[in-house]
There are 2 protein chains.
Amino acid sequence: MTNTARTHPPKPVHLDDVSKAIIEQLQADGRRSYADIGKAVGLSEAAVRQRVQRLTESGVMQIVAVTDPMQLGFTRQAMIGIRASGDTRELASALAEIPEIDYVVLTAGSFDVLAEVVCENDDELISLLNSRIRSLAGVRSTETFVYLKLQKQFYNWGTR
Amino acid sequence: MTNTARTHPPKPVHLDDVSKAIIEQLQADGRRSYADIGKAVGLSEAAVRQRVQRLTESGVMQIVAVTDPMQLGFTRQAMIGIRASGDTRELASALAEIPEIDYVVLTAGSFDVLAEVVCENDDELISLLNSRIRSLAGVRSTETFVYLKLQKQFYNWGTR
DNA sequence: AGTGAAACGACCGTAGA
DNA sequence: TCTACGGTCGTTTCACT
């Protein structure tokens with residue numbers, strides 16, 4: 001066997017400058033043709049294709065569609081800091097199943113879990129927080145940070 | 001004039017079920033061919049392409065490469081909550097220019113700004129926090145929430 | 001907004017270095 | 001891991017609805 005499926009942290013992958021350049025190209029436009037990318041980074045079309053395939057199959061990179069919540073009418077976003085008791089993994093799983101929550105992370109610090117919520121309006125945010133988050137087992141207290149302005153959002157590591 | 005550039009919130013766009021289905025397809029694989037997507041959603045290849053073009057040109061959707069920080073050796077991530085004085089927009093701009101920070105949002109609540117940082121190790125995190133974040137003008141105090149486990153990360157709104 | 005068809009260009013497998 | 005190349009399939013444009 002050469003490469004078994006893993007549940008957790010694989011060994012760190014090293015990206016050379018060419019792969020970083022390819023990722024930069026695909027970050028600007030995920031549908032740019034391999035031939036175009038090849039011209040930009042100085043490689044043949046087939047070589048670019050092979051590298052992209054390796055990067056995606058190893059899980060280092062993904063090419064995906066992302067949407068802008070604001071433009072779709074989801075105008076209320078917030079980060080919820082949660083102080084919990086008991087097994088925080090179970091709480092995180094429960095939070096992850098709520099569709100209005102797009103981001104859940106277990107943390108060390110004065111919050112045990114951070115969850116980002118995306119809502120259409122204040123009423124939806126209020127009922128989400130009260131009826132479906134604060135009512136979950138293990139939630140001791142929450143603190144809400146309503147988003148006023150998203151300043152930066154960057155998706156690519158290892159390319160700087 | 002019909003459609004001038006805007007700095008802030010455009011009018012909410014409505015997505016019909018077909019466009020949502022197209023976005024779902026492209027979220028699973030941003031390089032899936034328009035012909036394949038057409039088969040999946042019951043539309044001709046040309047129609048899919050037109051809709052994708054409209055979605056991307058209007059800024060509602062983007063197809064981009066995203067990378068996994070963990071697999072690239074950036075094993076320390078944290079959310080920094082910042083209490084600030086003065087103009088928080090200037091602080092947010094300054095934070096956005098730090099390459100190790102991938103996410104900055106102005107918030108209402110007990111923090112004025114939230115910033116997500118991605119580092120290779122603890123030393124990098126410590127020096128980033130002390131030398132380059134806490135030293136910025138207007139930072140009164142910070143609180144750090146070190147990530148233990150990322151449970152959920154979803155990129156697409158309007159498709160649920 | 002969507003379809004269909006023909007010309008063009010991109011993609012994929014394989015061979016060879 | 002790269003280049004070269006040929007067959008196949010996807011994309012583009014355009015006329016039509």
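- Across the protein-nucleic acid pair, B:Arg31 atom CZ and D:dG10 atom C1' stand 12 Å apart, rounded to whole Å.
- Residue B:Arg140 places its CZ atom among more than 12 non-hydrogen atoms of other residues, nucleotides or ligands, all under 6.0 Å distant.
- Of the candidates B:Glu24, B:Lys20, B:Gln27, B:Asn156 forms a side-chain hydrogen bond (donor to acceptor under 3.5 Å, both in side chains) with just one, namely B:Gln27.
- Atom OH in B:Tyr34 sits roughly 18 Å away from atom P in C:dA1 (whole-Å rounding).
- Regarding A:Gln53, its CD atom lies at a distance of 8 Å from the P atom of C:dG13, rounded to whole Å.
- Atom CZ of A:Arg89 has 12 or fewer neighbouring heavy atoms from other residues, nucleotides or ligands inside a 6.0 Å radius.
- Using a 4.0 Å heavy-atom cutoff across all strands shown, A:Arg32 reaches no nucleic acid atom at all.
- Taking the six-membered ring where tryptophan is involved, the planes of A:Phe111 and B:Phe145 are essentially parallel, since the angle between them stays under 30° and well short of 60°.
- B:Leu114 is not connected to A:Val146 by any chain of hydrophobic side-chain contacts under 4.5 Å among Ile, Leu, Val, Met, Phe, Trp and Tyr, and they are in different clusters.
- For residues 56-77 of chain B, the pairs satisfying salt bridge (Lys or Arg N to Asp or Glu O under 4.0 Å) are B:Arg76-B:Asp122, with sequence neighbours left out.
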| Nucleic acid footprint by protein, nucleotides 1-6 of chain D - heavy-atom cut-off 4.0 Å, B for base, S for sugar-phosphate alone | SBBB--
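- Distance, B:Ile37 CD1 to D:dC9 P: 18 Å, rounded to whole Å.
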